[in-house]
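Below is one structure, written out as structure tokens, with a few remarks after it.
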There are 2 protein chains.
Amino acid sequence: MNHSTGHDIADALGPLLRRSTRAHLYHRLTEGLGEAVDDLTYPVLSGLARTGPSSAADLGREIGLDRTTVTRRADRLERAGLLQRQPDSTDGRATLLALTDDGHRIVVTTRQRLAAAIDSALATWPPADAQAFARLLRRFVDDGPFTPDHD
Amino acid sequence: MNHSTGHDIADALGPLLRRSTRAHLYHRLTEGLGEAVDDLTYPVLSGLARTGPSSAADLGREIGLDRTTVTRRADRLERAGLLQRQPDSTDGRATLLALTDDGHRIVVTTRQRLAAAIDSALATWPPADAQAFARLLRRFVDDGPFTPDHD
DNA sequence: GGAAAAGCGTGCGCAGCGCACGCTAATCTG
DNA sequence: CAGATTAGCGTGCGCTGCGCACGCTTTTCC
């Protein structure tokens with residue numbers, strides 16, 4: 001066997017990975033949103049939006065970062081007023097990280113930017129193709145070929 | 001407008017980006033291929049396979065890395081015998097980086113690993129869906145929604 | 001033929017990361 | 001119920017990787 005669909009997809013995935021590193025994409029999505037928001041801090045913001053108020057350790061597990069790294073990135077975001085630290089009423093040791101309204105607004109903005117970028121790339125596509133692609137991509141992601149170690 | 005196909009795709013892209021950072025993927029693909037080959041050095045190897053023998057500056061532009069970073073990563077790969085430095089016969093200043101046979105073998109191996117991982121994720125898919133996905137993904141990538149700055 | 005530009009490697013300062021420590025609070029155990 | 005272990009937190013510290021700037025050689029341009 002010298003050919004497979006996997007090979008075709010790998011060929012397409014190569015350029016995708018090359019041109020849109022997570023860092024590149026996040027850099028672009030967070031442009032102009034203030035000094036505290038960049039490709040490093042954005043995953044904290046976005047993860048927090050997904051999980052709701054969360055301890056640094058839990059959030060670290062969620063987004064695949066060391067606990068202390070989360071702490072320090074959260075420091076920057078806290079100074080910028082995008083998240084707050086709250087004592088956990090059910091556990092005196094824990095400190096919950098929670099988005100402020102401003103923090104939420106940032107996440108909404110970046111998500112709109114991403115959707116808009118994708119829409120503009122798909123503007124010339126037949127709607128049926130675009131929807132088929134969305135559906136297939138979601139299934140591909142759910143089938144999880146590249147699950148990292150921390151899951 | 002509170003819904004768009006771009007939004008659907010963004011929702012699927014999120015988990016994909018979260019779970020398969022380039023670093024994670026490259027780490028997995030290069031596992032056990034020797035000390036010199038890791039997520040940092042692999043782009044140099046793979047880029048060189050794409051371009052053929054190339055100067056460090058050109059290769060840096062190709063893969064979006066600083067010239068000096070390429071030089072140092074190439075040092076590691078050279079020590080491991082995966083690439084060679086050759087004087088450029090047409091330009092006395094330049095030093096060409098070129099894959100050795102061993103280096104080529106590494107790239108072939110990782111590409112097979114990637115294709116195999118994708119095939120296994122798609123194993124349960126109807127072949128028509130898999131091929132449609134490959135086609136649509138390629139078109140999506142070619143339409144380039146996320147072109148980085150260095151292009 | 002001399003000046004500007006382009007190539008290379010290396011020194012150096014900076015940033016980010018993970019580990020380890022000390023501390024407090026919760027949980028387990030006898 | 002008290003002592004010990006576990007789990008949470010922030011911070012200090014060493015390591016690594018990066019980009020800039022320098023000095024050097026070779027090519028290109030006037």
Side-chain angles (χ1 to χ4, degrees), chain A residues 18 21-24 26-27 30 35-45 47-48 51-80 83-98 148-150, chain B residues 18 21-24 26-27 30 35-45 47-48 51-80 83-98 148-150:
Chain A
R18 217 174 305 132
T21 312
R22 186 160 68 164
H24 274 143
Y26 285 179
H27 178 72
T30 59
E35 168 140 31
V37 184
D38 59 14
D39 53 306
L40 293 181
T41 54
Y42 180 64
V44 172
L45 235 40
L48 222 41
T51 63
S54 164
S55 74
D58 284 346
L59 186 57
R61 274 186 282 272
E62 166 74 17
I63 62 183
L65 254 45
D66 187 86
R67 178 182 65 82
T68 63
T69 299
V70 172
T71 293
R72 277 182 262 241
R73 294 187 184 183
D75 288 344
R76 290 179 53 195
L77 293 169
E78 188 180 27
R79 272 194 296 273
L83 69 77
Q84 272 185 329
R85 285 184 157 87
Q86 315 170 340
D88 183 342
S89 56
T90 74
D91 186 336
R93 300 167 295 182
T95 305
L96 292 180
L97 306 175
D149 302 342
H150 73 272
Chain B
R18 217 174 307 132
T21 310
R22 186 162 66 167
H24 274 143
Y26 284 178
H27 178 72
T30 58
E35 170 141 31
V37 185
D38 59 15
D39 52 306
L40 294 181
T41 53
Y42 179 64
V44 172
L45 235 41
L48 223 41
T51 64
S54 166
S55 75
D58 284 345
L59 185 57
R61 273 186 283 272
E62 165 74 18
I63 61 182
L65 254 46
D66 187 87
R67 177 183 66 81
T68 64
T69 299
V70 172
T71 294
R72 277 182 263 241
R73 295 186 185 183
D75 288 344
R76 289 180 53 195
L77 293 168
E78 187 180 28
R79 274 194 296 272
L83 68 76
Q84 273 184 330
R85 284 184 158 87
Q86 315 170 340
D88 184 342
S89 57
T90 73
D91 186 336
R93 300 167 296 181
T95 305
L96 292 180
L97 306 175
D149 302 342
H150 72 271

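Being a predicted model, the structure only gives us computed values, none of them experimental. Here is how names work: the chains are called A, B, and so on, in the same order as the sequence lines, proteins then strands, and each is numbered from 1.
One cannot find a donor-acceptor pair under 3.5 Å joining the base of D:dG17 and the side-chain atoms of B:R76.
In this structure, the CG atom of B:D88 is 10 Å from the P atom of D:dT27, given to the nearest Å. Following rounding to the nearest Å, B:L40 (CG) and D:dG19 (P) show an atom-to-atom distance of 11 Å. For the pair B:D66 CG and D:dC20 C1', the computed distance is 8 Å after rounding to whole Å. Going from atom CD of B:E35 over to atom C1' of D:dT16 covers 14 Å, rounded to whole Å. Look at CG on A:D75: it is 10 Å from C1' on D:dT11, rounded to the nearest Å. In this structure, the NE2 atom of A:H27 is 14 Å from the P atom of C:dG16, given to the nearest Å.
The 5' end of DNA chain C is approached more closely, in terms of each residue's nearest nucleotide, by A:D38 than by the other of A:T90 and A:D38. If B:G92 and B:R72 are placed on DNA chain D by their nearest nucleotide, the residue sitting closer to the 5' end is B:R72.
The distance from the CG atom of A:L59 to the OG1 atom of A:T69 is 11.5 Å, given to the nearest 0.5 Å. Annotation: the span from A:L45 atom CG to A:L48 atom CG amounts to 7.5 Å, rounded to 0.5 Å. Put simply, OG1 on B:T30 and CG on B:L40 are 9.5 Å apart, with the number rounded to the nearest 0.5 Å.
In this structure, A:T69 reaches the C:dG18 phosphate: one of its side-chain N or O atoms is under 4.0 Å from OP1 or OP2.
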Taking only N/O atoms, report every protein-nucleotides 5-8 of chain C pair under 3.5 Å with atom names and distance.
from: C:dA6; atom 1: O4'; to: B:R93; atom 2: NH1; distance (Å): 3.2
from: C:dA6; atom 1: N3; to: B:R93; atom 2: NH1; distance (Å): 3.2
from: C:dC8; atom 1: OP1; to: B:A56; atom 2: N; distance (Å): 3.1
from: C:dC8; atom 1: OP2; to: B:A57; atom 2: N; distance (Å): 3.2

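Looking at A:R22, its side chain never comes within 3.5 Å of a backbone N or O of A:D39 through a donor-acceptor pair. Counting only distance, with no hydrogens or angles, the side chain of A:T95 and the backbone of A:R85 share no donor-acceptor pair below 3.5 Å.
By the 4.0 Å N-to-carboxylate-O rule, B:D75 lies too far from B:R72 to be salt-bridged with it.
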